[in-house]
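Notes to accompany the following structure.
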Amino acid sequence: MSKNLVLYFSVYGTAKTVAEEIAKQTGADLVEIQPALPYDSNRENYNALAAYAKREHDEDMRPEIKNDINIKGHDNIFIGYPMWWYTFPMIIYTLFDKYDFSGKTIIPFNTHMGSSDGGTYRTIAELEPNARVLRGLPVEMSEAERGSEKAVAKWLKALNIN
């Protein structure tokens with residue numbers, strides 16, 4: 001088992017591509033955070049997804065995670081997600097509610113369309129006070145779609161994560 005784990009949630013595939021690149025460069029195990037009720041991944045229905053995501057946020061919903069995630073035995077846990085309404089999707093709150101990251105190093109990354117990390121890295125540190133949270137990597141969505149190899153390599157080198 002790798003000491004590194006990449007957990008990611010992705011609907012349109014951009015966070016997934018960054019997650020795959022991180023796993024490739026670190027030799028990490030790769031696990032998708034799968035919602036019990038899948039989201040519509042058809043970009044033509046973006047407005048409906050955005051409205052639903054806003055409702056989840058406004059009502060402080062906690063979407064159920066379908067798959068069991070094993071974080072034991074992993075020291076460094078990369079957690080990736082797209083930005084929704086200037087924060088992370090509510091399923092990421094579910095992740096932090098359900099799993100104890102005490103003693104782990106959390107390394108966040110996200111994709112966005114102009115909001116960078118939206119303060120989510122600080123939020124993770126607040127939600128997981130017994131974990132160490134390193135500097136995250138915000139990747140603009142179109143950059144993620146073109147390939148994030150160089151950005152990921154530069155970030156990992158700065159973090160000294162191998």
Side-chain angles (χ1 to χ4, degrees), residues 1-11 13-39 53-113 115-141 144 148 151-162:
M1 179 180 304
S2 170
K3 71 176 188 165
N4 297 321
L5 173 64
V6 178
L7 294 177
Y8 72 92
F9 170 73
S10 189
V11 173
T14 55
K16 178 181 180 179
T17 61
V18 178
E20 289 171 340
E21 187 60 41
I22 294 167
K24 177 181 165 188
Q25 292 189 31
T26 62
D29 297 323
L30 181 67
V31 176
E32 180 180 6
I33 301 164
Q34 299 172 0
L37 297 172
Y39 295 88
K54 180 158 182 16
R55 186 175 137 232
E56 280 187 344
H57 180 267
D58 291 350
E59 295 178 14
D60 199 26
M61 297 168 79
R62 295 294 193 270
E64 184 181 343
I65 296 173
K66 179 171 116 176
N67 54 322
D68 284 327
I69 298 169
N70 182 4
I71 63 172
K72 291 179 174 68
H74 296 96
D75 301 320
N76 303 317
I77 303 176
F78 295 86
I79 299 177
Y81 46 87
M83 293 297 293
W84 285 4
W85 293 101
Y86 309 101
T87 189
F88 41 67
M90 297 308 291
I91 197 165
I92 300 299
Y93 282 101
T94 304
L95 179 77
F96 290 122
D97 289 348
K98 186 173 180 177
Y99 296 95
D100 181 6
F101 289 86
S102 296
K104 306 289 185 187
T105 298
I106 298 172
I107 310 137
F109 64 97
N110 67 284
T111 57
H112 65 91
M113 293 189 336
S115 59
S116 190
D117 74 288
T120 57
Y121 306 159
R122 282 189 313 276
T123 301
I124 292 170
E126 291 166 5
L127 292 172
E128 294 296 334
N130 297 316
R132 185 171 151 227
V133 180
L134 300 186
R135 182 174 64 89
L137 176 66
V139 180
E140 202 278 325
M141 193 168 142
S148 57
V152 167
K154 181 179 177 182
W155 174 60
L156 291 173
K157 183 177 181 183
L159 292 176
N160 198 24
I161 301 288
N162 298 351

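Keep in mind that the numbers below use all heavy atoms, side chains included, and drop hydrogens, waters and symmetry copies.
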_Can a side-chain donor-acceptor contact be found between Asn110 and Tyr121 if the only test is distance below 3.5 angstrom?_
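Side-chain D/A pair, Tyr121 to Asn110: present.
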How about [X] and [Y]: do any of their side-chain heavy atoms sit closer than 4.5 Å?
X      : Y      : answer
Asn67  : Ile65  : yes
Met141 : Val139 : no
Phe9   : Glu32  : no
Glu56  : Tyr39  : yes
Val18  : Phe78  : no
Asn76  : Leu134 : no
Leu159 : Arg135 : yes
His112 : Asp117 : no

*Between Val11 and Trp84, does a side-chain contact (heavy atoms from CB on, under 4.5 Å) hold up when you go through it step by step?*
CA-CA 11 Å; Val11 173; Trp84 285 4; 3.6 Å; yes
*Name the orientation class of the two ring planes belonging to Phe88 and Phe96 (parallel below 30°, tilted from 30 to 60°, perpendicular beyond 60°).*
tilted
*Output the distance between atom CD1 (Ile92) and atom OG1 (Thr87), rounded to the nearest 0.5 Å.*
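If I round to the nearest 0.5 Å, the distance is 10.0 Å.
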Minimum heavy-atom distance between [X] and [Y], given as atom pair plus value:
X      : Y      : result
Ile91  : Glu64  : CD1-O, 4.0 Å
Pro82  : Pro89  : O-CD, 3.0 Å
Pro108 : Trp155 : O-CZ2, 3.5 Å
Val133 : Ala125 : CG2-CA, 3.7 Å
Ser148 : Thr17  : OG-O, 4.5 Å
Lys72  : Asn70  : N-OD1, 2.9 Å

*asked:* For Thr111 and Tyr8: C-alpha separation, side-chain torsions, deciding distance, then whether side-chain contact (heavy atoms from CB on, under 4.5 Å) applies.
replied: CA-CA 11 Å; Thr111 57; Tyr8 72 92; over 6 Å; no
*Might you work through the side-chain contact (heavy atoms from CB on, under 4.5 Å) test for Thr120 and Tyr81, ending with a clear yes or no?*
CA-CA 10 Å; Thr120 57; Tyr81 46 87; 2.6 Å; yes
*Salt-bridge criterion met for Lys66 and Asp68 (N-O under 4.0 Å)*: no
*Do Met61 and Arg55 pass the side-chain contact (heavy atoms from CB on, under 4.5 Å) test, and can you show the C-alpha distance, the side-chain angles, and the key distance before you say yes or no?*
CA-CA 8 Å; Met61 297 168 79; Arg55 186 175 137 232; 4.1 Å; yes
